Peer 1: 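Please see the structure below; I have some questions.
Predicted model only: the values in this text are computed from it and were never measured.
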Amino acid sequence: GADLIQQNTDQKIIYTAWLELESREYESTRDALLQAAEEAGGYLESSNEGGRREEGSRWIDLVLRIPTQNYTDFLQKAGETGNLLSKRQEQENVTAEYVDLEARLESLETQRTRLQELLAQAQQLEDVLKIQQQLSDTEYQIESYTAQMRALSNQVDYCTVDISLHE
């Protein structure tokens, strides 16, 4: 459709960032990070927490998914919640991969249509079974490529921000 052509002109880029923070106000910094993610329309993918309050050795690792359009703002805010020790960013252009998947899907859907037409005309049971097997393989590939495209789109739409906070 028209929207596919539109998407092809856009670059598909996966952004990932790693932030390392420390803070004397461990709890309020942690809450501020989660709050900032929520305000950016993001969500917590995973977290891992440890250390002891008595020793002031608490830490948390957060993996946040942030809508790509709010990525830069979020990084800015997150960096200000505590003392920023390090910040690393990466971007991966997956446009070619995405366009390739699109093309494969299109040809598989054409193949599926042809097989469905052949199936409707098949007279011999042997032919019917052969066509059904090919149709089933084609359906399987279509599902597989659709899942890959969905996963890729999710990574493009929501960037990954990995944050380590130490007390």
Peer 1: Any heavy-atom pair between the side chains of Glu109 and Ile142 that's under 4.5 Å?
Peer 2: yes
Peer 1: Just by distance, do the side chain of Thr138 and the backbone of Gln134 share a donor-acceptor pair under 3.5 Å?
Peer 2: yes
Peer 1: Does any donor atom in the side chain of Gln133 or Asp137 lie under 3.5 Å from an acceptor atom in the other side chain?
Peer 2: yes
Peer 1: Heavy-atom distance under 4.5 Å between the side chains of Glu90 and Trp18, does that happen here?
Peer 2: yes
Peer 1: Ignoring hydrogens and geometry, is there a side-chain-to-backbone donor-acceptor pair from Ser144 to Tyr140 under 3.5 Å?
Peer 2: no
Peer 1: Are any non-hydrogen side-chain atoms of Leu152 and Ile14 less than 4.5 angstrom apart?
Peer 2: yes
Peer 1: Taking all atoms of both residues into account, what is the closest heavy-atom pair of Arg65 and Tyr158, and its distance?
Peer 2: NH2-O, 2.8 Å
Peer 1: Of the non-hydrogen atoms in Glu167 and Ser57, which two are nearest, and what is the gap between them?
Peer 2: OE1-N, 3.4 Å
Peer 1: What I'd like to find out is whether the side chain of Leu75 reaches to under 4.5 Å of the side chain of Val161, using heavy atoms alone.
Peer 2: yes
Peer 1: Does a salt bridge link Arg58 with Glu49, judged by any charged N lying under 4.0 Å from a carboxylate O?
Peer 2: no
Peer 1: Has the side chain of Tyr145 got a donor or acceptor atom that lies under 3.5 Å from a matching backbone atom of Glu102?
Peer 2: no
Peer 1: Tell me whether Val94 shares a hydrophobic cluster with Leu101, the cluster being built from Ile, Leu, Val, Met, Phe, Trp, Tyr side chains joined at under 4.5 Å.
Peer 2: yes
Peer 1: Are the side chains of Leu62 and Leu34 in touch, meaning some heavy atoms are under 4.5 Å apart?
Peer 2: yes
Peer 1: Under 4.5 Å between any side-chain heavy atoms of Thr29 and Glu25, yes or no?
Peer 2: yes
Peer 1: Would you say Thr81 and Ser23 make side-chain contact, with heavy atoms under 4.5 Å?
Peer 2: no
Peer 1: Of all the heavy-atom pairs spanning Gly79 and Leu21, show the shortest one and how long it is.
Peer 2: O-CD2, 4.0 Å
Peer 1: About how many Å separate CD of Glu20 and CD1 of Ile163, when rounded to the nearest 0.5 Å?
Peer 2: 11.5 Å
Peer 1: Less than 4.5 Å apart, any side-chain heavy atom of Gln76 and any of Thr72?
Peer 2: no
Peer 1: Give a yes or no on whether the backbone of Tyr43 and the side-chain of Glu45 come within a donor-acceptor separation of less than 3.5 Å.
Peer 2: no
Peer 1: Out of Asp162, Asp61, Val63, which residue meets the side-chain contact (heavy atoms from CB on, under 4.5 Å) rule with Ser46?
Peer 2: Val63
